[in-house]
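A, B, ... follow the sequence lines: proteins, then strands. Residue 1 opens every chain.
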2 protein chains.
Amino acid sequence: MAASDPTGGRPVDPSSGALRPLGLAEARITAGFWADRQRVISEGSLDHARAWMDKVGWTGNFAIGAATGPAEHRGREFADSEVYKLIEAMSWETGRRADPARVREIDELVALIGGAQEADGYLNTAFGRPGQQPRWSDLAWGHELYCAGHLIQAAVANTRVHGPGPLLEIAQRVADHVCATFGKDGSTGICGHPEIEPALVELYRVTGERRYLDQAALFVERRGHQSLPPHQFGAAYSSDDQPVREATVLRGHAVRALYLAAGVVDLAVETGDAELLRAVAAQFDRTWARRTYLTGGMGSRHMDEAFSDDFVLPSDRAYSESCAAVAAVMLAWRLLLATGEARYADVIERILYNVVATAIEDDGRAFFYAHSLHQRTPTRALPDDEEQLGFGGGPRAPWFEVSCCLPNVSRLLASLSTYLAAGDDEGLRIMQYATAAFDTRLADGRRVALEMVTAYPDDGDVTIRVTATDGGAWPITLRIPGWAVGATVTVAGITEPARAGDTFTVRKEFAVGDEIRLHLPLAPRFSTPDPRIDAVRGSVAVERGPIVYCAESPVAEPVGDLDLLRVDPRRAPVDEAGGVAVWAHIAAADDRRWPYGDRDDEADHPPLAPLRLLPYHRWARRGPATMRVWLPTV
Amino acid sequence: MAASDPTGGRPVDPSSGALRPLGLAEARITAGFWADRQRVISEGSLDHARAWMDKVGWTGNFAIGAATGPAEHRGREFADSEVYKLIEAMSWETGRRADPARVREIDELVALIGGAQEADGYLNTAFGRPGQQPRWSDLAWGHELYCAGHLIQAAVANTRVHGPGPLLEIAQRVADHVCATFGKDGSTGICGHPEIEPALVELYRVTGERRYLDQAALFVERRGHQSLPPHQFGAAYSSDDQPVREATVLRGHAVRALYLAAGVVDLAVETGDAELLRAVAAQFDRTWARRTYLTGGMGSRHMDEAFSDDFVLPSDRAYSESCAAVAAVMLAWRLLLATGEARYADVIERILYNVVATAIEDDGRAFFYAHSLHQRTPTRALPDDEEQLGFGGGPRAPWFEVSCCLPNVSRLLASLSTYLAAGDDEGLRIMQYATAAFDTRLADGRRVALEMVTAYPDDGDVTIRVTATDGGAWPITLRIPGWAVGATVTVAGITEPARAGDTFTVRKEFAVGDEIRLHLPLAPRFSTPDPRIDAVRGSVAVERGPIVYCAESPVAEPVGDLDLLRVDPRRAPVDEAGGVAVWAHIAAADDRRWPYGDRDDEADHPPLAPLRLLPYHRWARRGPATMRVWLPTV
């Protein structure tokens, strides 16, 4: 395979599949919900993350230089990777929007990193220097290959935006060193934390060098044979319990499992391995059906940041790490491109609006690591300069000891426009609705341009207007979300029903100015959980369009003890100006010395009254508060 | 205060309080449920634990000798404490039942330990030798004072059974060193893991040396001011977030909080500090009402082995550590002795039958560390020689990397007879029902002896027979458990009702052969949870007498997918030969790609049929199985 177009600006660039992704130059978000979230990253998070990485010494680790002492290293063993993810985010950001100062910043960081690379290509500031552990001496926990993977991903991003440069050279030297060390005749080890796998396939896509693909295949096939040393979380923690072809569900550490699965899709696509693709798709589908929160969040155990058994989805101890959301979007996007099944775009939409949009403070300078769906004691606000020591829970904090999530969400949001649409054999498929502009070429080379205008997700009307065409007939296909019962599509004055959970194709000889008008009904609705999800039995949630709602009780303006909130499920939730309301009351507490027994809860309760809910992604933005997504019924 | 009777054989020996505990020589369990569990320890667990402690090097750590190198230390930093707890268990065991070989074993272990004590009294095999961390350099995590506490407790137990000896000398030298190091003019530090606090008060009780009590007071008052370094679990982890007088509930690491609270009761009793006693009693009462499982288990978070917020009590991720159960019994017993409130004996009974009785395999050679109330994937059996690396969950394993639970349960069971009854101002109070014999003196010095015969908890009839008396009138008071609605007491052919959750006193001039017959109705009953416990909303549990029941689906003899079990709450559970049955079915699965939505679960389900339940403490004894305590209703 030839190297992909280095200026393509595509976060992932498969050589085959049902759909062809667009690049940053072909798809731009121009206003609205996601433009706001991109601005938060652009104007807040990137500088904030950089300042903290300088302050806590993670960038400084590289300044020590290659192979020189002393071995002082600040931060956790994977701190290098955060700098790489930040460079990746900055790279996408500078592809999205010209910013020479940011490009200079990237170049300076790359120069710094390059100075820490050793003569044989090895690059990791936590291992191998005098006084440090030897290279590759702790594959299970050392994160060396993981860090190499993020370095490669940063180089791939930078190359796809700015063309080949010094970062790609550094990354290729690292990758060559990895291939030499872990190739067919080398060590048979794997990394405790997957990431090198998708990175090597992407590096193959950028460079056309087959050895990187072969090395990714070796890493994938070696995993699952319990070759990593036993430890308290078990082999599933690193997906090392079962070969990837035999597993039936994602398990263990959620981010590890999801990064691995993304790499497996990449590998399957590039090697034409349909069986491998089917295996990983089935694992994801089962995970989505049994191990995913209503928000699309994944991971329900704090201890090992892990998936739990099927249907173990506690709201109050949800882990739902921001990084798992990013990784799940990466995986679903790959499955969407490979299979063309629009339901994976439903997956992406749910995760984006309910985890990714929730993660970052409105000024970009604080973030959630984990996403509880039920906050029982009020969150607390942290001072701007206070690092959060625990990385398992809220609140949105300026920084965590482990701060993977901020650069991770940043790299996704900076490149988000490329997830809105994709090309198929003949035309264009619109997968996400936002105010945006597309300018691309069809499979046959004809240029087409569209603009999409909408107030979505506040409003369900979307107008897609053709702004350029080379002529001739071609199809525009729209995703109709699974929840959008009653959707319609209007073309040239004719309105037709569009089936929820399906796609709707308009095929015609489009002229400039032609419009397609999509209407997605956004009446708020109750959702009921599978009865096997013990944690939320007897509760309902409220959704409106793609948005999950919640009840919040800010300390400053309390609505009552949300543990005692009871909602009438027979009265449908209603749209109110600026929100959604349900009929609810705060039940009387029935405190006892022992909370179990022959209980008669027919006490006098206050009458039902409307209770205003707010989008889950807006919670914890009005000061300390309690919150719950699942509302027990009366 | 004078030193207490060294041959008293009382696990705790307060100088004042509403009730006076009996010693091992005064109260013996002679047959039945708990005699069986004591035999399991006596014939299985003690030798099993000793063999593993030799194998994994924990006893060998002491053989290195004081202040000599090399600094090799095997096991975790608190491994010394396990050896001490085992000696404590062996000490009670040799008080319960003469066993010269076991006494020799204790003496040998004591000699070994004595050899590791340093000249100034310091004794810990993990710190202070060449190549090790310096003494007291890591109070938060080092467990040095914790280990000292368990050593003192072992010495107290040994002294109370066998009189003062070398172990008491070793312990006093350690305690004197602690007092010199952490006294008024010394370090103001506290240990991350409480245990030294109750130990020092007990050492004061044994020796009469006031300095130990004063040191305990210093440790208690110093805690709660966030003097331990910040870490990811927060200051609550070590109960260091709030002064003990100001806290309203137990929080953080459950065992830490409970040991501390036990020491606080001891301190309050010995110093006559009624305010302090009230504070800790209120904390326990609130914990019992809001943070305790139906089984009496405590701790609902695996990550930090901790209490969670109020009403966060997930069944499937219950932690409910065996050690927390032992610690809660210690605390409740102290509160019972101090206050005389019989409800604390209800607490003890619930924990004993549903956590302590569940912990140990029938051969004594495997044990639960954590006690799930809902096993979704089958437990697996571990080979006899396989150590369980994770210490967070099941199954009953031969050994864990952290094996605190086995010696802890052993020390409780070996001394369990002393928890059955206590003396009050005039007579005797029977607190637990078991086949047992008592031979003690009333407060005024008169000798009385009783035998108690019962098949409890299988059967609710208990006969108490006077076997010796010095004559004159005196009262026997019986605890009527909170669940025992309809209980009766028959004396001399006259039957009277006895109120559940209260006590019933028979006062007369007892003659040898006089009988009191207590009848406790044991019809199985449904229990419903407080509606704020989200994890089990819409479910019922079945109890019979003090026993919590569960549904088990052994792999070898499956009853179906317990996640789909549905029980009819309108048809009362029934007593069946050898068990309890409810009307239930396994509902049809309604698998979907997305588990939330507008759901209509009125599918065709199989008809209801009787389902046999078994006592929770008997689960996982028939091979790999799934299990659940809380049964969702139809």
Side-chain angles (χ1 to χ4, degrees), chain A residues 230-234 285 288-290 292 294 301-304 308-312 314-317 343 346 374 376-377 389-392 401 482-483 525-539 541 563-564 566 587 589-599 601 630 632, chain B residues 230-234 285 288-290 292 294 301-304 308-312 314-317 343 346 374 376-377 389-392 401 482-483 525-539 541 563-564 566 587 589-599 601 630 632:
Chain A
H231 60 89
Q232 75 170 108
F233 299 149
D285 291 349
W288 191 249
R290 291 170 173 247
T292 303
L294 180 66
R301 299 206 310 224
H302 279 234
M303 188 175 185
D304 44 358
S308 192
D309 292 334
D310 288 351
F311 304 116
V312 180
S315 288
D316 38 30
R317 287 288 281 175
R343 63 192 173 94
D346 277 27
H374 184 180
R376 290 175 183 261
T377 55
L389 282 169
F391 47 97
E401 186 196 1
W483 47 262
R525 62 192 190 276
F526 281 130
S527 286
T528 311
D530 186 294
R532 287 168 287 187
I533 304 174
D534 289 77
V536 294
R537 179 176 293 115
S539 300
D563 282 352
L564 291 166
R566 298 292 176 266
D590 175 23
D591 280 314
R592 306 183 176 199
R593 280 187 166 165
W594 178 239
Y596 310 97
D598 183 16
R599 185 172 278 278
D601 284 313
W630 288 99
Chain B
H231 59 88
Q232 75 170 108
F233 299 148
D285 292 349
W288 191 247
R290 291 170 173 246
T292 303
L294 180 67
R301 299 207 310 224
H302 279 235
M303 188 175 186
D304 44 358
S308 193
D309 293 334
D310 288 351
F311 304 117
V312 180
S315 289
D316 38 30
R317 288 287 282 175
R343 64 193 172 94
D346 277 28
H374 184 181
R376 289 174 182 261
T377 54
L389 282 169
F391 47 97
E401 187 196 1
W483 48 261
R525 62 192 190 275
F526 282 129
S527 284
T528 310
D530 186 293
R532 286 168 289 187
I533 304 174
D534 289 76
V536 294
R537 179 177 294 114
S539 301
D563 280 352
L564 292 165
R566 299 292 177 266
D590 175 23
D591 280 314
R592 305 182 175 202
R593 280 185 164 164
W594 179 242
Y596 311 97
D598 184 15
R599 184 171 280 278
D601 285 312
W630 288 99

Heavy-atom pairs under 4.5 Å with chain B are the metric here; pick the option from A/H231, A/H374, A/R301, A/R566 that has the most.
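Heavy-atom pairs under 4.5 Å are most numerous for A/R301.
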
What residue in A/G597, A/P632, A/G538 has the most heavy-atom pairs under 4.5 Å with chain B?
A/G597

Side chain / backbone / both / neither for [X] at chain B, heavy atoms under 4.5 Å:
X: A/F311; value: both
X: A/P314; value: neither
X: A/R525; value: neither
X: A/D316; value: side chain

Nearest-0.5 Å distance, [atom1] of residue [X] to [atom2] of residue [Y]:
X: A/W594; Y: B/L294; atom1: CH2; atom2: CG; answer: 6.0 Å
X: A/Y596; Y: B/T528; atom1: OH; atom2: OG1; answer: 12.0 Å
X: A/D309; Y: B/R317; atom1: CG; atom2: CZ; answer: 8.5 Å

So which part of [X] gets closer than 4.5 Å to some heavy atom of chain A, the side chain, the backbone, both or neither?
X: B/W483; answer: neither
X: B/T292; answer: both
X: B/D310; answer: backbone

Note: B/R376-A/D534 ion pair, threshold 4.0 Å (strictly below):
yes

Shortest non-hydrogen contact from A/D591 toward B/R532
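Closest approach of A/D591 to B/R532, heavy atoms only: OD1-NH2, 3.0 Å.
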
Indicate the atoms forming the closest heavy-atom contact of B/M303 with A/H302, along with that distance.
SD-CB, 3.5 Å

